[in-house]
Each structure stands twice: as C-alpha cells, then as structure tokens.
Protein chains: 2
Amino acid sequence: MKPELILVIEDDAAILFGLRDNLQRAGYEVRSAGDGHQGLELARTLRPHLVLLDLMLPGLSGHEVCRRIRVDGLEMPVVMLTALGEEAQVVRGLNLGADDYVTKPFGIGELMARIAALLRRHRRVIPDVVHIGSLEVDRGARRVSRKGAEIELTPKEYGLLEFFTRKSGRALTREQILDAVWGDSAAVTDRSVDRAVTTLRSKIEENPNRPSLIQTVPQVGYRFEG
Amino acid sequence: MKPELILVIEDDAAILFGLRDNLQRAGYEVRSAGDGHQGLELARTLRPHLVLLDLMLPGLSGHEVCRRIRVDGLEMPVVMLTALGEEAQVVRGLNLGADDYVTKPFGIGELMARIAALLRRHRRVIPDVVHIGSLEVDRGARRVSRKGAEIELTPKEYGLLEFFTRKSGRALTREQILDAVWGDSAAVTDRSVDRAVTTLRSKIEENPNRPSLIQTVPQVGYRFEG
DNA sequence: TTTGAGCGTCATCAGGTGGTAACAACGGAG
DNA sequence: CTCCGTTGTTACCACCTGATGACGCTCAAA
C-alpha cells in the first residue's frame with residue numbers, strides 16, 4: 001500500500017523535527033511548511049491525506065489556513081496544534097472545519113493515535129462533482145454549469161455556493177456563513193450575506209423570484225436544498 | 001440550542017457530579033450510570049447521542065462496554081475518560097471503536113469542545129430528526145413535515161415547536177415558554193403564548209379542536225406529548 | 001492613469017409576522 | 001344557575017425582515 005501523506009505546517013523547527021521523525025517512523029510520508037502561505041500552497045498542490053496545523057504561524061494564521069483549505073473544497077482531516085490556554089481558539093477552529101486538535105505539549109503516542117483514528121475514519125470518498133437538480137458543481141475544476149452551459153461565478157459567489165453544497169439540507173445562520181466564506185479578515189455586516197445570496201440566486205436559480213435551490217429561513221439565514 | 005442526550009458512565013461520584021453540572025449548563029440532557037453493566041444497559045435502551053465512558057469501572061470495564069456498544073450496532077460517538085499513564089489503554093480503546101478520549105484531570109472546556117465537535121461531526125451522518133406520531137421535525141434543516149408534506153411554520157411557531165420537542169412530556173408554565181422562546185428581550189404578555197399555541201395547533205394538529213400533541217394544563221400552561 | 005469587475009453598504013419597498021385587543025367559549029365555585 | 005377567571009379565536013395593523021437597485025470604494029490590469 002502507498003504510504004499516506006501528511007503535511008505538517010509548523011514554524012518551530014524543533015517541534016517540526018520531532019513530528020517528522022515520529023511520523024516517518026510510523027510509516028507516513030511527510031512534507032512540511034514553515035509558514036501559513038507556504039502551507040496552504042502545499043495543501044492545494046500535494047493534496048495530502050491529513051494536515052497537522054499549528055495555530056500560531058507567521059504569515060497566515062492557522063485559522064485562516066484551515067478556512068481556506070475548506071473554501072478550496074479540500075476535504076482532508078485537519079488537526080490543529082495549539083498551545084495551552086488557547087482553548088477559545090479551538091472552538092473557532094473546529095467551526096471552521098478542523099477535525100481535531102491537540103494541545104502542546106502533547107504526548108507523541110496520543111497524537112499518533114488521533115492521526116490514525118482520523119485517517120481510518122476518513123477513508124470514505126467524497127465526490128468531486130455534485131449534481132443538484134440540473135445544476136452541476138465541479139469542485140475540482142471550480143466550475144459550475146447547467147445542462148452543459150457554464151455559469152460564470154465570481155470568487156465570492158463560488159465560495160458561497162461551494163459552502164452551501166457542503167452543508168446542503170441544513171439551515172445555516174448568517175454568522176456561520178460569514179465565518180466560513182468571508183473569514184476573520186472581513187468586518188462585514190450580515191446584510192452582505194443577503195446581497196451575495198441574491199446575486200448567486202440570480203445566476204443559478206431557474207426562477208430567481210421563486211428560488212428552489214437556496215431557501216430563506218426567516219430569522220435565521222438560508223438553507224441549500226441538496 | 002440542541003437537546004442532545006449524553007450518557008455518562010462514571011463511578012466516581014465527585015467527577016460525575018461535575019460532569020453532569022457542566023453538561024446540563026451547556027444545554028445537554030444527561031443520564032448517568034455508576035457501573036459498566038448499568039451503563040451498557042442504558043446505552044442500549046436510551047440510545048443517547050454520545051457516551052462519556054470512564055475506563056476504570058466496577059462491573060464491566062470501559063473497554064468492554066465500548067466493545068459491546070459497537071457489537072450491538074450502536075453508532076453514537078464514545079469518548080473515553082482515562083487517568084494519566086493509561087495511554088496504552090487508549091490505543092486499545094480507539095481500536096475498539098471509541099471516537100476520542102480525554103485524560104483526567106481534564107479541562108472542562110476542552111472536554112466540552114471535543115463533545116461538541118463529535119456531535120457536530122456525527123450529525124452530518126445521522127440527521128437529528130424527531131418523530132412524534134406522523135409528525136416529523138428536522139432540527140438541522142429547521143423543517144417540519146407530515147407524511148412527506150412540508151408544513152410551513154413561521155419562525156416563532158417553529159421555535160415554540162422546537163422547544164416543545166425538547167421538553168416533551170413535561171408541563172410547562174407560560175413563563176418558562178416565554179423565557180425560552182421569546183427570550184428576555186421581549187416585553188410580552190403571556191397571552192401571546194396562548195395565541196402562538198393556537199396557531200401552532202392549527203398547523204400541526206390533525207384535529208385542532210381536540211389537540212393531541214399540545215395539551216392545555218389548566219392554570220399552568222401546556223404540555224407537549226412526545 | 002484609466003477602466004472595469006467585484007463586492008460591501010445604503011435606501012427603499014413589499015410582504016409577512018406576531019402582538020394586542022376584543023370577544024367567545026369554557027369550566028369551576030358557590 | 002350565575003359569576004368570574006381562564007383559555008380559544010379572530011381581526012387588525014405596527015413593525016420588522018429580506019430582496020433589490022443604486023452607489024462608491026478598492027484593486028488589478030491595460
């Protein structure tokens with residue numbers, strides 16, 4: 001069997017070395033990055049089976065890396081490494097799509113057990129192309145079409161639609177949507193979500209006046225019908 | 001807020017008390033057992049959404065409880081509570097089907113975060129849908145239907161129904177209902193509860209004149225029959 | 001520098017929501 | 001049987017929410 005590839009994004013060289021050593025000893029293939037930007041880039045190009053992600057990073061924060069990984073439609077498990085006392089951060093990270101976290105200093109045995117468990121659990125396959133009615137969303141190609149005709153979406157529109165496809169069938173609050181699609185950078189009103197939904201509807205709904213794909217959930221937010 | 005049921009299997013009364021307190025404060029419903037046999041029995045009958053399981057138990061060991069839960073085909077997440085230095089046991093536990101573990105003494109915040117994460121992840125697979133007679137309430141999608149036909153509820157009506165499903169079988173005062181559904185913000189008469197109940201009945205009762213789901217409790221308030 | 005796309009904000013508007021009030025129905029006490 | 005407090009029901013309408021067009025800011029490309 002081909003060894004599983006793990007990407008470690010960690011700026012502390014000592015910790016990185018220890019991790020690499022242990023992971024390789026356990027039979028994994030390891031790649032690493034020392035800052036957020038490089039890490040995100042490698043996650044995109046290497047498509048590792050799992051990402052070990054330090055929260056405190058130069059460049060992009062761990063949160064931002066995690067969010068962008070999900071925005072890009074990458075579905076591998078993400079384990080966050082946090083220092084003691086960063087518990088509040090952890091909850092946010094889990095909301096952004098992280099699967100687990102480990103608090104430094106950690107026992108290497110514990111970490112290895114968690115990694116093994118996540119990889120085992122994750123061996124279900126997630127399709128790259130999603131069909132909703134006559135709509136086709138190709139996450140790999142980042143392309144949307146209906147009956148063969150491509151629909152041009154702006155980056156934000158696509159990000160929103162991609163998020164919807166991942167949470168399809170569930171009622172989503174505007175806050176959840178903002179957090180996942182806009183990220184922490186933006187100081188943005190939740191009216192912006194409304195606006196983005198309107199324009200997205202105008203492009204992907206057969207009849208934008210009576211939306212069938214994106215339902216409004218009054219007082220809450222929206223629900224995508226998968 | 002979610003009405004999820006958590007089963008705690010723990011023989012140390014002090015720890016049990018603390019867990020129960022914190023879990024309830026976080027909005028979970030809690031049941032507990034003091035030994036392995038009783039715990040397994042409750043897991044089978046109550047079908048909780050998540051099990052907190054001490055490793056060292058009188059009667060059946062935690063490992064054995066975990067194994068038998070999986071043998072019975074129960075799929076809820078299991079979190080093991082282990083003492084320091086039981087790391088070797090942990091790997092065994094994970095192999096037996098546990099989803100996570102926490103080492104005592106643990107930070108309560110960390111434990112709560114893990115629990116929340118597991119429940120969230122698990123909901124993806126198994127939607128939390130409640131059936132009451134022919135009525136179906138999908139809390140994730142925020143949707144209500146009977147025999148496949150969707151029932152359109154206004155936000156307030158849905159909130160009221162959702163609250164009822166969480167407190168089903170108990171008589172609720174109008175004040176309790178106002179508190180939970182309207183929140184402290186609103187300066188509202190308790191006649192508003194009556195009115196909301198009436199409209200809700202007209203939508204979800206088979207025969208609104210002889211309500212079977214929402215019973216009036218004279219001088220007190222209402223009771224939802226689950 | 002110009003230009004244009006993307007996107008966040010604002011103002012406006014339509015429609016829905018839900019609180020109040022007013023009255024009817026009910027039921028228990030005396 | 002009558003009275004009175006409680007609950008059911010309906011009508012009304014003030015207020016809020018979400019949809020949408022317009023505007024302007026920013027950034028990158030030409």
Side-chain angles (χ1 to χ4, degrees), chain A residues 71 142 144 151-164 171-224, chain B residues 142 144 151-164 171-205 207-224:
Chain A
V71 166
R142 240 185 132 78
V144 182
I151 299 176
E152 303 241 347
L153 296 184
T154 69
K156 190 114 304 192
E157 287 160 4
Y158 179 83
L160 182 60
L161 176 58
E162 215 264 5
F163 179 63
F164 273 143
L172 302 166
T173 67
R174 290 182 175 76
E175 196 179 350
Q176 285 177 301
I177 297 171
L178 274 181
D179 223 34
V181 181
W182 271 255
D184 41 3
S185 54
V188 175
T189 327
D190 51 0
R191 309 268 73 228
S192 292
V193 177
D194 296 27
R195 202 67 193 74
V197 166
T198 299
T199 62
L200 182 56
R201 274 176 176 159
S202 73
K203 291 191 180 181
I204 67 169
E205 292 278 1
E206 310 240 31
N207 179 353
N209 300 330
R210 315 205 94 242
S212 65
L213 295 173
I214 306 175
Q215 299 293 338
T216 301
V217 183
Q219 311 287 339
V220 176
Y222 299 93
R223 170 162 27 79
F224 187 74
Chain B
R142 243 184 131 80
V144 182
I151 299 176
E152 303 240 349
L153 296 184
T154 69
K156 192 113 305 188
E157 288 160 3
Y158 179 85
L160 182 60
L161 176 58
E162 218 248 26
F163 179 63
F164 275 144
L172 301 165
T173 67
R174 290 183 175 72
E175 195 177 352
Q176 285 176 302
I177 296 171
L178 276 180
D179 236 31
V181 181
W182 272 254
D184 36 5
S185 57
V188 176
T189 327
D190 49 359
R191 296 307 321 273
S192 292
V193 177
D194 296 22
R195 184 197 183 281
V197 167
T198 299
T199 62
L200 183 56
R201 274 176 177 157
S202 73
K203 291 191 181 181
I204 67 169
E205 292 278 2
N207 180 352
N209 300 330
R210 316 201 88 238
S212 66
L213 295 173
I214 305 175
Q215 300 293 339
T216 301
V217 183
Q219 316 290 347
V220 178
Y222 300 93
R223 175 167 22 83
F224 186 74

Where the side chain of [X] is concerned, which of [options] is the nearest nucleotide?
{"X": "Gln219(A)", "options": "dT10(D), dG8(C), dT17(D)", "value": "dT17(D)"}
{"X": "Asn209(A)", "options": "dT20(D), dC7(C), dG18(C)", "value": "dT20(D)"}
{"X": "Thr216(B)", "options": "dC7(C), dG8(D), dG18(C)", "value": "dG8(D)"}

Would you name the heavy atoms of [X] and [Y] that are closest together and state the gap between them?
{"X": "Lys203(B)", "Y": "Leu153(B)", "result": "CD-CD2, 3.6 Å"}
{"X": "Pro218(A)", "Y": "Pro155(B)", "result": "CB-CG, 3.5 Å"}
{"X": "Val217(A)", "Y": "Ala171(A)", "result": "CG2-CB, 4.3 Å"}
{"X": "Val188(B)", "Y": "Trp182(B)", "result": "CG2-CD1, 3.8 Å"}
{"X": "Ile214(B)", "Y": "Ile204(B)", "result": "CD1-CD1, 4.1 Å"}

Specify the separation, in whole Å, of atom [atom1] of [X] and atom [atom2] of [N].
{"X": "Asp194(A)", "N": "dG15(C)", "atom1": "CG", "atom2": "C1'", "answer": "15 Å"}
{"X": "Lys156(B)", "N": "dC15(D)", "atom1": "NZ", "atom2": "C1'", "answer": "13 Å"}
{"X": "Arg223(B)", "N": "dT7(D)", "atom1": "CZ", "atom2": "P", "answer": "14 Å"}
{"X": "Asp190(B)", "N": "dG5(D)", "atom1": "CG", "atom2": "P", "answer": "16 Å"}
{"X": "Leu178(A)", "N": "dG8(C)", "atom1": "CG", "atom2": "P", "answer": "9 Å"}
{"X": "Gln215(B)", "N": "dT7(D)", "atom1": "CD", "atom2": "C1'", "answer": "14 Å"}
{"X": "Ile177(A)", "N": "dG8(C)", "atom1": "CD1", "atom2": "C1'", "answer": "16 Å"}
{"X": "Glu152(B)", "N": "dG16(C)", "atom1": "CD", "atom2": "P", "answer": "11 Å"}

Check: Which letter, B, S or -, goes with each nucleotide of nucleotides 22-30 of chain C from 5' to 3', with contact meaning a protein heavy atom under 4.0 Å?
Finding: ---------
Notebook entry, point to check: Any luck finding a side-chain donor-acceptor pair between Glu205(B) and Ser212(B) under 3.5 Å?
Noted result: yes
Give a yes/no answer on whether the side chain of [X] brings an N or O atom under 4.0 Å of OP1 or OP2 in [N].
{"X": "Thr189(A)", "N": "dT9(C)", "value": "yes"}
{"X": "Tyr222(B)", "N": "dG8(D)", "value": "yes"}
{"X": "Trp182(B)", "N": "dG18(C)", "value": "no"}
{"X": "Arg195(A)", "N": "dC10(C)", "value": "no"}

Checklist line | Arg201(B): which of Asn207(B), Asn209(B), Thr216(B), Leu213(B) passes side chain to side chain contact (heavy atoms under 4.5 Å, CB included) | finding: Thr216(B)
Check: Under 30°, 30 to 60°, or over 60°: which ring-plane class applies to Tyr222(B) and Phe164(B), parallel, tilted or perpendicular?
Finding: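 Answer is perpendicular, since the angle exceeds 60°.
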Check: For Glu175(A), does the CD atom sit with more than 12 other heavy atoms under 6.0 Å from it, leaving out its own atoms?
Finding: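 Not more than 12 within 6.0 Å, no.
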Notebook entry, point to check: Got a sec? Which of residues 196-204 of chain B come in under 4.0 Å of DNA chain D, heavy atoms?
Noted result: Thr198(B), Arg201(B)
Next item on the list: May I have the step-by-step check of side-chain contact (heavy atoms from CB on, under 4.5 Å) for Thr199(B) and Lys156(B), ending in yes or no?
Entry: CA-CA 10 Å; Thr199(B) 62; Lys156(B) 192 113 305 188; over 6 Å; no
Item checked: Nearest-nucleotide comparison on DNA chain C, the residue closer to the 5′ end among Pro155(A) and Ser192(B) ->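 The answer here is Pro155(A).
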